[in-house]
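This report concerns only the one structure given below.
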Amino acid sequence: MHREPFVKLAPVFKDYLWGGEKLKALYGTAVSPVAEAWLLSAHPDGESVIAEGKYEGLTLREYLKIEDKKEGEAPFPILIKLIDAARTLSVQVHPGDKYARVHENDSGKNEMWIVLEAEPDAYLYVGFNRDVTRGEARRRVENGSIEEILNKIPTRAGDILYIPAGTVHAIGAGNLILEVQQSSNATYRLYDYNRRGADGALRPLHLEKALDVLDYGQYGPSPSAGPQNERTARCPYFSVSWQPVTDSLALPMADGAFASVVCVQGEGSLARDGRQTPLRRGDSLYLPAGGGPAEIRGDLQVIVTRAAY
C-alpha cells in the first residue's frame, strides 16, 4: 500500500469557561467560546479527524492503525493544542507517568508552551517563587492566598517554557499559546478563584492528588526571550522548533520518526513525495515516518514537533 506523505487534520474544539473568540474566528466554528483547539490528538478525550483525502473522516488513531504501524501499535505519544485564554485558567498541576498510570489510567503530562500572542500585562504562573511545604500550599489554597507564592512571568510573543510534571502553573488572561504535551488529559485543579461552572456549582478541585504530585521547590528556569531566526526547545518527550519561512525551507525526516507541522502565521504550501498541499494559519499536518524530506514554501511561520524515541 502506498503510504500517504502527509495528512491534514481537523481540530477538536473545547469550550471551557475561560475561552475566548480568537479560535472561533480562526476556524469559523460555531462553538463559543472556544478555549482550546486540539490540533494533533489520538487521545480518547478528543481525537483529531483526517480533514481530506482518501482517509477523510477517520480519526487519527484509526488512520495510524492502517498506515503507520509503529505509531498504531502503542499509544500515540504527543498532543498539540491551541489555547485562547480570554480569562485566567485555574491554578493546576499535572502528574508524572508513574502516578498518572496508577491513579488515572493515563500518561503523565509534561508540556511545553509556545506563546504566539500576548496582550499587554499578560503573564503566566510557573512554579513557586520560593520553597514551600505541603502544609503551606494547602493553607493558601484554603484561604485564597496561593497566588502570593506563585512565580509570575510576564509574557511576550516568542516565549517558550517547559512545564515538567509536578510544576504548579496557570495561564493568565490575554495569552494565545500553542501547547505541546504528552498525550494525556490528567490535570489536577488546585485553585480556581471560586468560579462556578455552567451548572452553577463551584468547579471541583483535586486538592489531595495535586498535593501528592506537586514539586514544592522554588522554580528555576526563565523563558527564552527576544526575536530569533529559529527557536528550538527539547525535553525528554519531544522537541519543538519555531521556523520562519520567507521563501523555502527543507524539512528533513528522521529515520523511524514522524513529524507534526502547525502553521502559526502566514500562508504557503508543503510538498513531500510528489504531493503538495496549501498551508495556512491554524493548519495542522501529520507527516508519517518512512518517507522523504518535506519542503515548505511561502511566507509563513511553522512549529515543527517531533516525538523523542
Handout entry: Option passing salt bridge (charged side-chain N to carboxylate O under 4.0 Å, His left out) with D212 (candidates K98, R138, R134)
Key =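 So the option named by the test is R134.
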Ignoring hydrogens and angles, tell me if any N or O in the side chain of [X] forms a donor-acceptor pair with the backbone of [Y] under 3.5 Å.
X	Y	result
Q243	V302	no
S260	T305	no
D215	V168	no

Handout entry: Pairs touching residues 31-47 that satisfy salt bridge (charged side-chain N to carboxylate O under 4.0 Å, His left out), sequence neighbours left out
Key =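 Listed by first then second residue: E36-K81, E47-R61.
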Rounded to the nearest 0.5 Å, how far does [atom2] of [Y] lie from [atom1] of [X]?
X	Y	atom1	atom2	answer
N110	I78	CG	CD1	13.0 Å
L190	H169	CG	NE2	10.5 Å
S241	I303	OG	CD1	7.5 Å

Exercise for the section: Could you tell me whether the side chains of E4 and Y286 share a donor-acceptor contact shorter than 3.5 Å? Expected result: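 Y286 and E4 do not have a side-chain donor-acceptor pair below 3.5 Å.
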If you compare all heavy atoms of [X] against all heavy atoms of [Y], which two are closest, and at what distance to 0.1 Å?
X	Y	answer
P95	A186	CD-O, 3.4 Å
S183	D106	O-OD1, 3.7 Å
I296	V245	O-CG1, 3.7 Å

Pair [X] + [Y]: basic N to acidic O under 4.0 Å:
X	Y	value
R130	E136	yes
K14	E179	no
R195	D192	yes
E52	R275	no

Practice task
State which residues pass ring-ring contact (aromatic ring centres under 6.0 Å, His included) with H103; sequence neighbours excluded, sorted by chain then number.
Solution key: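 Partners of H103 by the ring-ring contact (aromatic ring centres under 6.0 Å, His included) criterion, ordered by chain and then number, come out as Y99.
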Problem - Pair Y125 and Y191, ring centroids less than 6.0 Å apart - result: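 Not close enough - the centres of the two rings lie 6.0 Å or further apart.
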Exercise for the section: Spell out, yes or no, whether F76 and V7 are grouped together once hydrophobic residues are joined by side-chain heavy atoms under 4.5 Å, including indirect joins. Expected result: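 Looking at the clustering, V7 is in the same group as F76.
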